[in-house]
2 protein chains.
Amino acid sequence: MGREKSATAEKIIKIASEIFAEQGYNGAKVDAIAKRAKVNKATLYYQIGDKATLYSAVLDRVLGQTINDVCHAVKGAGDPESKIKAFIHTLSVSSQAANFTAPIFLRELASGGKTLPDSALQHMGKLLGALTETIQQGIDEGIFRKVNPLFVHMMILGSILLYQTNEPIRRRNVAKNPEIYNPDHFLKNEESAEQILDLILSAIRA
Amino acid sequence: MGREKSATAEKIIKIASEIFAEQGYNGAKVDAIAKRAKVNKATLYYQIGDKATLYSAVLDRVLGQTINDVCHAVKGAGDPESKIKAFIHTLSVSSQAANFTAPIFLRELASGGKTLPDSALQHMGKLLGALTETIQQGIDEGIFRKVNPLFVHMMILGSILLYQTNEPIRRRNVAKNPEIYNPDHFLKNEESAEQILDLILSAIRA
DNA sequence: TAATTGTTCAACCGTTTAGTTAAAACATAT
DNA sequence: ATATGTTTTAACTAAACGGTTGAACAATTA
C-alpha cells in the first residue's frame, strides 16, 4: 500500500499542508501550492496526482503524525492521570509545532468529514480509543468517577483546538481595544495545556 | 447603519447560511445560492451586493442570533450555576436548530477569523463576557474555585461544537464497523448538554 | 556512448467562476 | 396614467482554475 514517497513529493505535501490549513480545500489553489513548493505544476501532477489525492496525502500526514505522537506518549505513561496529562500535553504541543493539524481538523468537522479517507477515520478512532481506554482504567481503579469518555474527549480536543485557532482573533480584539488586554488570555503552549489538564482532572476525578 | 432588509434579501441570506455552512466560503457558489433561494442571480446582486457582502450578512445573522439567544438566557437565570446551565443548554440547542452556527464558526476559527467583520467580533466578545462575568460571580460567592474563565469558555464551546459537527463522522464510523456502536455516542441535544454541564460544573465547583 | 527511463518545465486548454449588462416584465403607489 | 422600485431573462466578460501536453533535461543502464 504505502509506496515510499520521493523527496519532491514530501516537499509538496509539506507545503500543501500549510496552504490547505490556511485556505481550506477550495481556497487552496494548485498553482499556489506548486509555486510555494518551488516546483512546476506539472511536477506536482506527476508526483502526486490530482488535487484530491494531494489533500488525502496531507490529511494522512498531518492527522497521522499528531495522533501517533499522542498515542505513543499515552502508552509511555503509567497511571491514568499521567496518561491524561500526556494526552493533553502532547496533543497541545504536537498540533501546534510547525504542523497544521488544528485548522485542517476543524475544517473537516465543519464539512462533516465528507472527504475524510478511511485511513484518517482510523487515526481518529485510535485517538478516541486511547483516551477511552485510559478513562475506563481510571474508573476501574476508582480514581475517576463514571463519566462518558466521548464527552471528555470532545472537551479536551475542543478546548485545545479552539484555544489555538482562536489566538489571532484574541489578538485582533486586543489590538482594537487595548483596555481589555488580559495576560491570562495569552498563555504559552505548556501553560495552556496545564490549565486544560487541571480542569479536566477536576471534572473526572472521583 | 443597519438599514432594514427586504423579504427577498432575508430569504437569500437564510439560504446562503445553509450553503456557506455546508461548503465554506470558497466552496459556496453564487449561482448555487441564487438557484436554491429561487431568485435570479441578478436579483441577488441587486439586493445584496457581492459575495463577500453576502457572507458578512450571513455571519452577522448566524452568530448574532445564536449569541443573543445565549446571552438572553443567561441574563434570565438567577444563580451562577443556573446561568452556566442556561449558557450550555441554549448554546447547544440554538446552534443546532435549523441554523448553521457550528460549521461556520469552526471554519472562521480555522482561517484565523481573517474575514470576520467587527460586528461578529463584538458578538463573540459578548459571549465570552457573559460567561466570564458568571464565573467571576460564582468565584466571589465561593461556589466556584478560581479558574481561568477563558479556558472554561473554550471547553464549553469546543465540546458543543465538536460533538455536533462530529456526528456524521461517528455515524460513518459505526456504519463501517457496526460492532463498535455505542448508544452513549449518540445522545440527543438535551442529553448531551446535560453531560457537558455535569463535566463543567465538576471542573469548576469549589 | 547510445538508448532507456524517470523527472521537470513552459505553454497551453477547456471549464468554471464572480460579476455585469440591457431590455423587458411585474408590482405598487401616487 | 405615470413614475418608481423590483425581478427575470439571457447573454456576456474577464479572470482564475484544474489539469494536460510535448519537449527538454537528468540519471541509469547497456
Side-chain angles (χ1 to χ4, degrees), chain A residues 1-61 103-104 107-108 110-111 114-117, chain B residues 2-61 104 107-108 110-111 114-117:
Chain A
M1 17 183 297
R3 67 127 117 25
E4 73 278 355
K5 269 142 185 152
S6 73
T8 312
E10 290 286 5
K11 179 173 66 175
I12 292 168
I13 292 169
K14 190 180 155 201
I15 296 292
S17 308
E18 282 179 39
I19 298 195
F20 280 125
E22 289 165 10
Q23 321 267 6
Y25 182 81
N26 289 291
K29 309 302 171 187
V30 176
D31 292 82
I33 294 170
K35 197 172 181 183
R36 210 194 280 182
K38 286 173 194 150
V39 297
N40 190 278
K41 186 164 57 154
T43 301
L44 188 154
Y45 278 91
Y46 175 82
Q47 289 282 351
I48 310 265
D50 62 8
K51 190 184 179 183
T53 307
L54 175 57
Y55 184 64
S56 282
V58 165
L59 276 179
D60 249 28
R61 186 192 134 101
I104 289 176
R107 276 192 234 264
E108 274 307 319
S111 58
K114 252 173 300 192
T115 65
L116 274 181
Chain B
R3 64 126 116 28
E4 74 278 357
K5 269 142 184 151
S6 74
T8 311
E10 292 284 6
K11 180 173 64 177
I12 293 168
I13 293 169
K14 189 182 156 198
I15 295 294
S17 308
E18 282 180 39
I19 298 195
F20 280 126
E22 289 165 11
Q23 322 265 10
Y25 182 81
N26 289 289
K29 309 301 172 190
V30 175
D31 292 83
I33 294 170
K35 197 173 182 183
R36 210 194 281 183
K38 286 171 193 150
V39 298
N40 193 276
K41 186 162 62 153
T43 302
L44 189 153
Y45 278 93
Y46 176 80
Q47 286 284 350
I48 311 263
D50 62 9
K51 190 183 179 185
T53 307
L54 174 57
Y55 184 63
S56 281
V58 165
L59 277 179
D60 245 29
R61 186 193 133 99
I104 289 176
R107 277 192 235 262
E108 275 305 319
S111 58
K114 252 174 300 193
T115 64
L116 275 180

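Proteins come first, then strands; the chains are lettered A, B, ... in the order of their sequence lines, and each starts at number 1. This one's a predicted model, so the numbers in the text were calculated from it and none came from an experiment.
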Starting at atom [atom1] of [X], determine the distance to atom [atom2] of [N], rounded to an integer number of angstrom.
X       : N      : atom1 : atom2 : value
A:Lys41 : C:dC9  : NZ    : P     : 14 Å
A:Asp31 : C:dC9  : CG    : P     : 14 Å
B:Ile12 : D:dT6  : CD1   : P     : 12 Å
B:Glu10 : D:dT7  : CD    : P     : 13 Å
A:Lys38 : C:dC9  : NZ    : P     : 12 Å
A:Asn26 : C:dA18 : CG    : P     : 11 Å
A:Lys29 : C:dT15 : NZ    : P     : 19 Å
A:Leu44 : D:dG18 : CG    : P     : 10 Å

If I compare all heavy atoms of A:Asn40 with all of A:Ala42, which pair ends up nearest, and what's the gap? OD1-N, 2.9 Å
Using a heavy-atom cut-off of under 4.0 Å over every strand shown, decide if A:Ala9 touches base, sugar-phosphate, or nothing. nothing
Base, sugar-phosphate alone, or nothing: which one does B:Ala34 contact when heavy atoms must sit under 4.0 Å apart? nothing
Does B:Lys5 use its side chain to pair, donor to acceptor, with the backbone of B:Ile48 at less than 3.5 Å? no
[X] versus [Y]: any side-chain heavy-atom pair under 4.5 Å?
X        : Y       : value
B:Lys14  : B:Arg61 : yes
A:Gln47  : A:Val39 : no
B:Ile104 : B:Tyr55 : yes

Residue pair A:Phe20, A:Leu54: steps toward the side chain to side chain contact (heavy atoms under 4.5 Å, CB included) verdict: CA-CA 10 Å; A:Phe20 280 125; A:Leu54 175 57; 4.0 Å; yes
Is A:Thr8 close enough to C:dT7 that one of its side-chain N or O atoms is under 4.0 Å from OP1 or OP2 there? no
Taking for A:Val30 and for B:Thr43 the nucleotide of DNA chain D with the nearest heavy atom, the one nearer the 5' end belongs to B:Thr43
When you measure from the side chain of [X], which nucleotide among [options] comes out closest?
X       : options                : answer
B:Asn40 : C:dA18, D:dA10, C:dA10 : D:dA10
B:Tyr46 : D:dT8, D:dT7, C:dT7    : D:dT7
B:Ala42 : C:dT21, C:dA18, C:dA10 : C:dT21

Quick one: side chains of residues 26-37 of chain A, donor-acceptor pairs under 3.5 Å with protein atoms, not counting sequence neighbours, listed by atom name and distance.
from, atom 1, to, atom 2, distance (Å)
A:Lys29, NZ, A:Asn26, O, 3.0
A:Asp31, OD2, A:Lys41, NZ, 3.4
A:Arg36, NH1, A:Glu18, OE1, 2.7
A:Arg36, NH1, A:Glu22, OE2, 3.4
A:Arg36, NH2, A:Glu22, OE1, 3.0

Under a 4.0 Å heavy-atom cut-off, which of residues 47-57 of chain A touch DNA chain D? A:Asp50, A:Lys51
